[in-house]
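The next block holds one structure in the form of structure tokens; read it before the comments.
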Amino acid sequence: MTKEFLCKDDILTPLLKRTKTLLVKNFNLKLIGNNSEIYCPDKLDLKNLTSMIGTGGTLSIIFAVSYEDKILEELVKIFMNGEKIDKEEFEELKESVASEIANTIIGNSLHFFPNKGRGVTITPPITITKAKSISKYKGSKIATSNIVTNFGEMTINTIGPRLLFVKKFNFKE
Amino acid sequence: MLNILIVDDSLIIRKNLTRIVKKTGHNVVYLASSGVEAVEEYQKQKPDLVTMDITMPDMNGIEAVRHIVAIDEDAKIIMITSHGQEEMVIKAIQSGAMGYLLKPINEDKLIESIGKIFPEYAKETSDDIDIYDDIF
């Protein structure tokens with residue numbers, strides 16, 4: 001069994017599945033291509049805006065959900081349901097939507113993590129803009145997957161201790 | 001018309017909920033972005049209903065519910081959160097919340113939940129709310 005397979009089964013598969021459902025079913029975006037390749041790079045190449053959420057308790061992982069401008073702009077319009085938005089507020093809303101989408105996909109997926117996510121807590125999101133990349137430290141592991149839609153791309157990244165990716169999870173009951 | 005206190009640290013969710021509340025003919029009395037602010041404003045505004053997020057800075061939504069229920073045991077609170085864990089649902093209900101809706105916000109489900117708490121505002125619906133029915 002490969003490292004990627006364990007990582008994919010336990011965390012990334014439910015996250016990707018939930019993200020795709022959300023984008024298609026709730027926001028009417030179209031997915032382009034296969035959208036399910038998971039790879040483990042040494043460095044995260046970030047898009048224009050990234051929302052980061054940490055989990056604690058029985059699972060310690062950092063999630064970084066990174067968005068191209070185009071997909072965020074479309075999501076803001078969908079959230080605002082046709083309401084007029086001025087330029088300054090639009091930028092603020094982009095950050096809020098980035099955090100909200102990350103929070104929703106991670107929060108919704110907890111029930112589908114090992115042990116139904118029991119004892120897992122999540123932090124409020126932090127948004128970073130214009131960052132180029134995040135490099136992993138020795139002993140950590142990054143797993144990432146890109147989702148391509150008709151309104152641009154987003155990536156779902158998990159950063160955690162290497163052990164989480166090479167051994168089965170040992171959740172507290 | 002109900003007076004509703006909206007509690008969420010997300011700007012887009014506060015805007016979204018405000019739109020839905022106004023559309024359904026109710027009134028937003030205050031928009032709070034943390035649990036601490038929610039407890040303070042509950043005492044000032046005395047709303048008919050509170051919509052409460054869980055993951056927030058300062059004080060999370062579960063703690064805020066406990067504080068509000070300690071102040072007013074008849075408080076009507078609906079959790080609106082991304083947390084899909086069963087244990088979180090149980091904690092929220094045990095703390096005194098009367099409903100639990102999963103984000104993304106579904107307008108019909110919110111209206112249905114309000115109708116279950118305040119039957120005079122109920123609209124005819126056929127199915128019970130299933131908090132997991134829109135996951136996967």
Side-chain angles (χ1 to χ4, degrees), chain A residues 13-14 16-23 25-27 51 53-59 72 75-83 85 89-113 115-127, chain B residues 6-24 31 33-37 52-64 79-92 100-110 130-136:
Chain A
T13 296
L16 285 173
K17 203 171 173 184
R18 182 60 193 137
T19 307
K20 289 182 203 172
T21 308
L22 189 76
L23 294 176
K25 199 175 153 187
N26 297 88
F27 300 123
S51 189
I53 291 179
T55 62
T58 52
L59 177 69
L72 267 184
L75 289 168
V76 169
K77 287 176 195 163
I78 293 167
F79 264 97
M80 291 304 289
N81 204 34
E83 249 181 66
I85 318 158
E89 192 185 26
F90 195 83
E91 290 306 308
E92 201 182 346
L93 288 172
K94 268 165 58 182
E95 291 187 18
S96 182
V97 167
S99 295
E100 192 51 38
I101 297 287
N103 188 50
T104 300
I105 58 176
I106 294 161
N108 286 181
S109 301
L110 288 175
H111 180 72
F112 301 92
F113 283 1
N115 203 20
K116 293 189 173 180
R118 284 190 194 103
V120 180
T121 56
I122 61 176
T123 65
I126 295 165
T127 304
Chain B
I6 292 172
V7 187
D8 203 301
D9 61 334
S10 163
L11 171 66
I12 196 78
I13 295 298
R14 293 196 301 272
K15 278 186 171 286
N16 223 339
L17 281 171
T18 301
R19 181 181 57 77
I20 297 170
V21 165
K22 286 183 177 171
K23 190 179 157 190
T24 50
L31 298 167
S33 55
S34 76
V36 171
E37 199 181 2
M52 180 76 76
D53 186 21
I54 288 185
T55 306
M56 291 184 291
D58 298 335
M59 181 194 287
N60 73 39
I62 301 277
E63 287 174 61
M79 308 306 289
I80 301 181
T81 174
S82 66
H83 282 261
Q85 300 141 296
E86 284 170 9
E87 63 172 353
M88 203 56 84
V89 182
I90 293 165
K91 269 186 196 172
Y100 195 102
L101 294 176
L102 263 191
K103 290 179 183 173
I105 297 165
N106 179 313
E107 198 171 314
D108 292 336
K109 284 184 184 176
L110 177 58
D130 178 353
I131 66 154
Y132 292 118
D133 69 0
D134 57 356
I135 296 186
F136 301 157

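Naming convention: chains lettered A, B, ... in sequence-line order (proteins, then strands); numbering from 1 in each chain. The shown structure was predicted, so the numbers you read here are calculated from the model rather than taken from an experiment.
Between the side chain of B:E87 and the backbone N or O of A:G119 there is at least one donor-acceptor pair closer than 3.5 Å.
Atom CG of residue A:N103 and atom CD1 of residue B:I13 lie 8.5 Å apart, to the nearest 0.5 angstrom. Rounding to the nearest 0.5 Å places OG of B:S82 at 11.0 Å from CG of A:L22. To the nearest 0.5 Å, atoms CG (A:N81) and CG (B:N16) are separated by 7.5 Å. The distance from atom CZ of A:R118 to atom CD of B:E86, rounded to the nearest 0.5 Å, is 6.5 Å.
At most 12 heavy atoms of other shown residues, nucleotides or ligands fall within 6.0 angstrom of atom NZ in B:K91.
Salt bridge A:E100/B:K103: present, at least one basic N to carboxylate O contact under 4.0 Å.
Among all heavy-atom pairs drawn from B:P104 and A:N108, the shortest one is CD-OD1, 4.0 Å. The heavy-atom pair separating A:P124 from B:P57 by the smallest distance is CG-N, 4.1 Å.
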Q. Can B:M88 and A:L110 be said to form a side-chain contact (heavy atoms from CB on, under 4.5 Å), step by step?
A. CA-CA 11 Å; B:M88 203 56 84; A:L110 288 175; over 6 Å; no
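When heavy atoms are compared at a cutoff of 4.5 Å, A:E95 does not approach chain B at all. In this structure, no portion of A:I106 lies under 4.5 Å from any heavy atom of chain B. Both the backbone and the side chain of A:T104 come within less than 4.5 Å of a heavy atom in chain B.
Residues forming a salt bridge (Lys or Arg N to Asp or Glu O under 4.0 Å) with A:K77 (at least two apart in sequence, or on another chain): none.
When the candidates B:D9, B:I105, B:T81, B:T55 are compared by the number of heavy-atom contacts under 4.5 Å with chain A, B:T55 comes out ahead.
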